[in-house]
Amino acid sequence: MSARIIDGKTIAADLRGKVADAVHRLRRDRGVVPGIAVVLVGDNPASDVYVHNKSKAVAQSGMRAFDYKLPATTSEADLIDLVMKLNGDTEVSGILVQLPLPKQIDAQKIIAAVDPAKDVDGFHPVNAGRLALGLPALVPCTPMGCVLLTKTVRETLAGLEAVVIGRSNIVGKPVAQLLLAEHTTVTIAHSKTNDLPSICRRADLLVAAIGRPEMVRGDWIKPGATVIDVGINRAPNGSGKSGVVGDVAYAEVMQVAGALTPVPGGVGPMTIACLLLNTLRAVCAQKGLPAPKM
Ligand code: NAP
């Protein structure tokens with residue numbers, strides 16, 4: 001058996017197209033133009049590329065992009081001042097502060113300073129709490145992308161046994177909350193979990209968010225399972241150079257799973273598409289407009 005490949009690139013492009021259409025209608029019918037402020041502190045090359053791609057996607061969607069590039073020496077107080085200014089700026093519907101931040105800045109303080117209504121990353125404690133309580137919230141983008149990808153191959157998630165490997169606040173915990181809201185039975189595994197392979201073998205749906213290249217092997221997979229690979233790892237590609245691989249041993253898992261996301265081209269493109277969707281949802285809520293239908 002060979003798994004169906006879940007083409008995140010195409011699914012994300014479709015979602016971005018729908019968001020762009022909704023942004024067009026918002027501008028035409030209501031005179032509202034969503035805007036997103038992207039704040040980058042320091043010169044982490046990976047963050048640089050990521051922020052550049054985000055800003056490009058924002059502009060392509062018809063939204064306004066406000067880019068702030070601050071030096072690595074920026075103080076916590078100065079960054080909080082900027083966030084406060086953006087909170088009060090009516091042209092800014094969403095605020096994204098790229099992580100990681102330099103060590104003199106406490107990321108939790110910055111996340112808490114963002115207005116929860118503009119928290120398009122979904123990291124603010126108010127949004128995390130609302131998600132845990134099953135209330136409407138701005139939801140973290142990568143977990144949202146994981147669930148949307150799963151729904152392209154599963155008619156319903158209700159009753160499925162889901163295993164999430166990883167318990168970070170950015171991916172593991174919120175993806176588990178979203179899967180619970182979809183009525184799956186969720187197990188969250190982590191570095192102290194005993195006998196991880198046998199827990200994974202129970203999973204109809206396996207989400208790997210670990211950050212360990214190709215750790216999940218073919219014999220960890222229940223035949224026919226849906227596997228969502230969140231990992232982005234640099235690893236040697238055999239020809240003396242390094243390439244990007246996921247947390248899942250793709251070739252092996254491909255032989256057992258029913259459906260599988262590739263890396264690259266799976267979860268990654270969905271993260272940016274979901275950021276645009278979150279910004280659209282945020283602006284509609286701020287203006288008292290109905291939530292966009294996607
Ligand atoms: P993280 O904060 O480092 O969390 C990793 C999680 O994996 C932790 O909960 C850790 O357990 C667990 N873990 C580590 N080693 C393990 C092991 N041997 N067995 C079982 N669990 C283990 O990472 P993250 O931010 O969640 O990101 C995870 C991966 O997703 C990374 O590769 C990252 O680059 C990628 N990512 C991709 C996107 C995207 O857009 N595609 C977005 C975000 C992240 P403990 O809690 O016990 O330490």
Side-chain angles (χ1 to χ4, degrees), residues 5-9 11-13 15-16 38 44-54 56-58 96-101 107-108 111 120-123 128 131 139-150 162-179 186-203 206-217 219-221 227-235 242-250 260-278:
I5 295 166
I6 304 173
D7 180 358
K9 231 171 148 178
I11 298 162
L15 179 56
R16 281 169 57 174
V38 179
N44 177 335
S47 295
D48 247 338
V49 173
Y50 197 45
V51 164
H52 173 76
N53 289 343
K54 280 179 185 169
K56 212 167 95 188
V58 170
L96 185 151
V97 181
Q98 183 63 40
L99 303 178
L101 291 166
Q108 288 309 322
I111 289 169
V120 286
D121 256 339
F123 295 160
L131 174 62
V139 169
C141 304
T142 301
M144 194 201 304
C146 292
V147 174
L148 291 176
L149 290 176
T150 305
V163 172
V164 177
I165 318 175
R167 57 174 164 180
S168 72
N169 292 338
I170 292 173
V171 190
K173 281 181 197 150
V175 90
Q177 293 289 357
L178 288 173
L179 291 173
V186 191
T187 301
I188 307 176
H190 46 77
S191 67
K192 305 290 186 292
T193 297
N194 288 329
D195 196 4
L196 183 58
S198 71
I199 287 172
C200 292
R201 268 179 226 118
R202 297 202 313 244
L206 181 66
V207 180
I210 317 164
R212 300 269 182 276
E214 303 188 319
M215 195 180 96
V216 176
R217 310 310 306 188
D219 62 359
W220 296 23
I221 305 297
V227 179
I228 305 292
D229 188 353
V230 185
I232 300 177
N233 309 289
R234 287 237 151 244
S242 76
V244 173
V245 297
D247 289 340
V248 170
Y250 187 78
L260 169 64
T261 58
V263 177
V267 175
M270 287 302 282
T271 298
I272 290 183
C274 291
L275 173 72
L276 301 177
L277 178 56
N278 261 352

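Read the numbers this way: they start at 1 and go in the same order the structure lists the ligands and their atoms.
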Quick note on ligand 1: atoms under 4.0 Å from a heavy atom of G166 include exactly 6 (C), 7 (O), 9 (O)

Side chain, backbone, both or neither: the part of T193 lying under 4.0 Å from ligand 1 by heavy atom | neither

Heavy-atom distances under 4.0 Å are what count here, so tell me which part of T271 touches ligand 1: side chain, backbone, both or neither.
-> side chain

Are M270 and T142 close enough that some pair of their side-chain heavy atoms sits under 4.5 Å apart?
-> no

For G172, is the nearest heavy atom under 4.0 Å from an atom of ligand 1?
-> no

Any idea which atoms of ligand 1 are less than 4.0 Å away from a heavy-atom of N233?
-> 32 (O)

Report yes if some heavy atom in the side chain of L276 is under 4.5 Å from a heavy atom in the side chain of V58; otherwise report no.
-> yes

In this structure, atom 34 (O) of ligand 1 is nearest to the protein heavy atom I232 O, 3.5 Å

In the protein, which heavy atom is nearest to atom 3 (O) of ligand 1, and how far is it?
-> I210 O, 4.4 Å

Does an N or O from R167, backbone or side chain, lie closer than 3.5 Å to an N or O of ligand 1?
-> yes

Does some side-chain heavy atom of L99 sit less than 4.5 Å from a side-chain heavy atom of F123?
-> yes

Taking the side chain as every heavy atom from C-beta outward, state whether N44 and Q98 have any atom pair closer than 4.5 Å.
-> no

Closest protein heavy atom (residue, atom, distance) for atom 31 (C) of ligand 1 = G211 CA, 3.6 Å

L196 and W220, any side-chain heavy atoms less than 4.5 Å apart | yes

Smallest separation among heavy atoms of P143 and I170, with atom names = CG-O, 3.4 Å

Considering only heavy atoms, does V230 approach ligand 1 within less than 4.0 Å through its side chain, its backbone, both, or neither?
-> both

After noting the C-alpha distance and the side-chain angles of L179 and V147, does the key distance pass the side chain to side chain contact (heavy atoms under 4.5 Å, CB included) rule?
-> CA-CA 7 Å; L179 291 173; V147 174; 4.1 Å; yes

Are V139 and P174 close enough that some pair of their side-chain heavy atoms sits under 4.5 Å apart?
-> no

Taking only heavy atoms of V267 into account, list the atoms of ligand 1 that are under 4.0 Å away from them.
-> 41 (N)

Per-atom filter on ligand 1: closer than 4.0 angstrom to a heavy atom of G268 are 40 (O), 41 (N)

For atom 47 (O) of ligand 1, which protein heavy atom lies nearest, and how many Å away is it?
-> S191 OG, 2.5 Å

Inspect the surroundings of CG in N194 and state if more than 12 heavy atoms from other residues, nucleotides or ligands are less than 6.0 Å away.
-> no

Mind checking whether M215 has a heavy atom under 4.0 Å from ligand 1?
-> yes

Does Y50 reach ligand 1 with a nitrogen or oxygen that is under 3.5 Å from one of the ligand's nitrogen or oxygen atoms?
-> no

Which heavy atom in V244 sits nearest to a heavy atom in I232, and how many Å separate them?
-> CG1-CG2, 3.9 Å

Taking the side chain as every heavy atom from C-beta outward, state whether K9 and I11 have any atom pair closer than 4.5 Å.
-> no

L275 and K54, any side-chain heavy atoms less than 4.5 Å apart | yes

Ignoring hydrogens, just give me the one of A209, G266, P264 whose non-hydrogen atom is nearest atom 6 (C) of ligand 1.
-> A209

M270 contact mode with ligand 1 (heavy-atom cut-off under 4.0 Å) | neither

Considering heavy atoms of the protein only, find what lies nearest to atom 42 (C) of ligand 1 and give residue, atom and distance to 0.1 Å.
-> T142 OG1, 3.3 Å

Which atoms of ligand 1 sit under 4.0 Å from any heavy atom of L196?
-> 19 (N), 20 (C)

Touching ligand 1 at all, A189? Heavy atoms, strictly under 4.0 Å?
-> no

For R212, the atoms of ligand 1 under 4.0 Å from one of its heavy atoms are 14 (C), 15 (N)

Would you say S168 and ligand 1 have an N/O pair spaced under 3.5 Å apart?
-> yes

Closest non-hydrogen protein atom to atom 44 (C) of ligand 1, residue and atom name please, with distance?
-> V171 CG2, 3.9 Å

Just by distance, with hydrogens left out, do S191 and R167 show a side-chain donor and acceptor under 3.5 Å apart?
-> no

Tell me, with the steps shown, if Y50 and I272 meet side chain to side chain contact (heavy atoms under 4.5 Å, CB included).
-> CA-CA 9 Å; Y50 197 45; I272 290 183; 4.2 Å; yes

